[in-house]
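Below is one structure, written out as structure tokens; comments come after it.
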Amino acid sequence: MTIAAAGADLDPARAVASRIVHRYDLAGDLFDTLSGESCGVCRRPCCRDARVWLDFKDLLLIHLSGQSPPPAQLRCNRQERCRYLTSQGCTLPRGVRPWVCTWYICPAQRRMLLRDIPGGPVRLARWWQEIASLREAMEAAFLAVAIPTKASCRTAV
Ligand code: SF4
């Protein structure tokens, strides 16, 4: 509702969200390769035990980039496992998963990254840094519009 009400004022935040989605697209093949080679044969995939959820920046990214949010949070309590985990893996598109679901690399994947993918660790570190910075910038751009400063409140009154 806040995003809809703000209209064009949030265009700077939307532009940052688009840059994040673009970085996700660039990084997605690498992450898909790693998970495709390891998660299917793993006896205890990390998603079974992960205690993660969509945080504020994840939700901002989904809404500011015009994607449809998942129908619910990943789980209702700390005991439940993620509702989007199936025998075929995660059913959420990468762009609407929690950011931690993308950047977390298990030890087996890290070994694969070092051994089999030339330049992989460097690319991964660069993407991680870029996306983390852009997420901060997106949140700041949103809050600048959504939460007026004291000065602008006084002006408005
Ligand atoms: S959203 Fe997908 S990647 Fe994240 S914990 Fe759930 S199943 Fe795993």
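One-based numbering, in listed order, for ligands and for the atoms of each.
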Pair Tyr24, Leu61 - check side-chain contact (heavy atoms from CB on, under 4.5 Å), show working. CA-CA 11 Å; Tyr24 271 25; Leu61 176 64; 4.0 Å; yes
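- Panel detail: atom 8 (Fe) of ligand 1 has protein N, O or S atoms under 2.8 Å away, 1 in number.
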Yes or no on side-chain contact (heavy atoms from CB on, under 4.5 Å) for Asp116 and Glu37, after CA distance, side-chain angles and deciding distance? CA-CA 11 Å; Asp116 302 336; Glu37 295 285 327; over 6 Å; no
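- For Glu130, the side-chain hydrogen bond (donor to acceptor under 3.5 Å, both in side chains) criterion is met by Arg23, not counting sequence neighbours.
- For Glu139, there are no side-chain hydrogen bond (donor to acceptor under 3.5 Å, both in side chains) partners at least two apart in sequence or on another chain.
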Please report the C-alpha distance between Ile3 and Phe142 in whole Å, then the side-chain angles of each, then the deciding distance to 0.1 Å, and finally whether the side-chain contact (heavy atoms from CB on, under 4.5 Å) criterion is met. CA-CA 9 Å; Ile3 289 171; Phe142 172 80; 3.8 Å; yes
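- For Arg97, the side-chain hydrogen bond (donor to acceptor under 3.5 Å, both in side chains) test picks out no residue, with sequence neighbours left out.
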